[in-house]
Amino acid sequence: KAGVTQTPRYLIKTRGQQVTLSCSPISGHRSVSWYQQTPGQGLQFLFEYFSETQRNKGNFPGRFSGRQFSNSRSEMNVSTLELGDSALYLCASSLAGGGLQETQYFGPGTRLLVL
Amino acid sequence: AQSVAQPEDQVNVAEGNPLTVKCTYSVSGNPYLFWYVQYPNRGLQFLLKYITGDNLVKGSYGFEAEFNKSQTSFHLKKPSALVSDSALYFCAVRDWGRMNYGGSQGNLIFGKGTKLSVKP
């Protein structure tokens with residue numbers, strides 16, 4: 001079974017631009033979560049989607065948004081990019097049928113560099 | 001609020017020796033604890049988790065973790081370290097505060113990570 005895939009793997013943007021990242025979960029998984037990883041802040045939760053609905057959201061500004069499609073694929077958008085948005089963005093999927101004990105499986109990440 | 005602490009930024013071990021990567025947690029309910037490993041320029045890989053039951057949890061690649069409720073710890077261990085174990089290790093706990101809809105996945109709260117270096 002294929003793992004979580006993320007595209008693109010690497011991205012370079014300039015300040016003020018916007019960017020869209022894509023995540024395809026493991027087949028059969030219905031929950032997709034997004035995390036930002038930076039050297040200074042570590043791993044931080046962005047948001048989680050289930051059945052095309054955002055169920056949880058972390059403490060990030062409104063410039064960060066996402067959506068989930070009927071096939072469970074998810075996209076994350078960042079508008080008006082800032083230098084501090086440079087990070088590794090990780091997507092994780094889980095079955096979403098059993099609650100907190102379920103394991104999240106991570107994709108390889110998209111490394112975003114904002115110049 | 002839930003939190004996780006990894007008190008060591010780096011752990012150095014000689015190949016063949018046992019290794020321990022420390023993790024302590026603070027949760028308001030029952031803890032759901034996880035260990036992940038991250039190799040350079042890669043995503044996170046699941047190692048093991050503690051939900052309930054035996055305090056000693058066995059996971060991937062020969063790793064195990066010991067849950068200690070009285071010390072609120074969940075240390076990762078391996079009897080004999082390999083050079084290939086060198087990586088960044090993260091302890092994580094589920095955020096009960098984000099539980100909703102009777103089964104929300106919520107989010108994972110991660111520790112800062114511990115860099116494990118195994119020398120030949």
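In what follows, every chain begins at residue 1, and chains take the letters A, B, ... in the order their sequences are listed. Please read these numbers as outputs of a predicted model, since none were measured by experiment.
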Visitor: Please determine whether residues Val21(B) and Leu33(B) belong to a single hydrophobic cluster, defined as Ile, Leu, Val, Met, Phe, Trp and Tyr linked transitively by side-chain heavy-atom distances below 4.5 Å.
Guide: yes
Visitor: Answer yes or no: are there more than 12 heavy-atom neighbours, outside Asn71(A) itself, under 6.0 Å from its atom CG?
Guide: yes
Visitor: Are there more than 12 heavy atoms of other residues, nucleotides or ligands under 6.0 Å from atom CZ of Arg63(A)?
Guide: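 Buried by this count: over 12 neighbours within 6.0 Å.
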Visitor: Using a heavy-atom distance cut-off of less than 4.5 Å, which residues of residues 3-12 of chain A contact chain B?
Guide: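 Within residues 3-12 of chain A, the residues that come under 4.5 Å of chain B (heavy atoms only) are Arg9(A).
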Visitor: For a quick test of reading the model, state the closest non-hydrogen atom pair linking Gln41(A) to Lys112(B) and the distance between them.
Guide: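 Closest heavy-atom pair between Gln41(A) and Lys112(B): O-NZ, 3.5 Å.
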Visitor: Gln45(B) versus chain A, heavy atoms under 4.5 Å apart: side chain, backbone, both or neither?
Guide: neither
Visitor: Please say whether more than 12 non-hydrogen atoms of neighbouring residues, nucleotides or ligands are located less than 6.0 Å from NZ in Lys13(A).
Guide: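 Count over threshold, so yes.
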Visitor: Answer yes if Leu90(A) and Val78(A) sit in the same cluster of Ile, Leu, Val, Met, Phe, Trp and Tyr residues linked by side chain heavy atoms under 4.5 Å apart, and no otherwise.
Guide: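 No, Leu90(A) does not connect to Val78(A) through the hydrophobic network.
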Visitor: What is the minimum heavy-atom distance between Leu108(B) and Tyr35(A), and which atoms define it?
Guide: N-OH, 3.1 Å
Visitor: Could you state the interatomic distance from CD (Gln37(A)) to CZ (Phe110(B)), rounded to the nearest 0.5 Å?
Guide: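 One finds 8.5 Å between CD of Gln37(A) and CZ of Phe110(B).
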Visitor: So if you build clusters from Ile, Leu, Val, Met, Phe, Trp, Tyr with side-chain heavy-atom gaps below 4.5 Å, do Phe34(B) and Leu88(B) land together?
Guide: yes
Visitor: Does one hydrophobic cluster hold both Tyr49(A) and Tyr105(A), with members joined at side-chain heavy-atom distances below 4.5 Å?
Guide: no
Visitor: Pick whichever of Ala92(A), Gly42(A), Pro108(A) has the most heavy-atom pairs under 4.5 Å with chain B.
Guide: Pro108(A)
Visitor: Less than 4.5 Å to any heavy atom of chain A: does that hold for the side chain of Tyr36(B), its backbone, both, or neither?
Guide: side chain
Visitor: Does the side chain to side chain contact (heavy atoms under 4.5 Å, CB included) test come out yes or no for Gln104(A) and Lys49(B), once each step is laid out?
Guide: CA-CA 11 Å; Gln104(A) 290 190 348; Lys49(B) 65 182 178 183; over 6 Å; no
Visitor: Report the C-alpha separation of Leu43(A) and Phe90(B) in whole Å, then their side-chain angles, then the decisive distance to 0.1 Å, and conclude whether the side chain to side chain contact (heavy atoms under 4.5 Å, CB included) test is met.
Guide: CA-CA 9 Å; Leu43(A) 279 156; Phe90(B) 291 94; 3.8 Å; yes
Visitor: Side chain, backbone, both or neither: which part of Leu46(A) has a heavy atom under 4.5 Å from chain B?
Guide: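 Nothing of Leu46(A), per the 4.5 Å heavy-atom cut-off to chain B.
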Visitor: Go through the steps for Gln44(A) and Ile109(B) under the test side chain to side chain contact (heavy atoms under 4.5 Å, CB included), then give the verdict.
Guide: CA-CA 7 Å; Gln44(A) 294 183 285; Ile109(B) 297 174; over 6 Å; no
Visitor: Could you see if Tyr61(B) belongs to whatever hydrophobic cluster contains Leu19(B)? Use Ile, Leu, Val, Met, Phe, Trp, Tyr and a side-chain cutoff under 4.5 Å.
Guide: yes
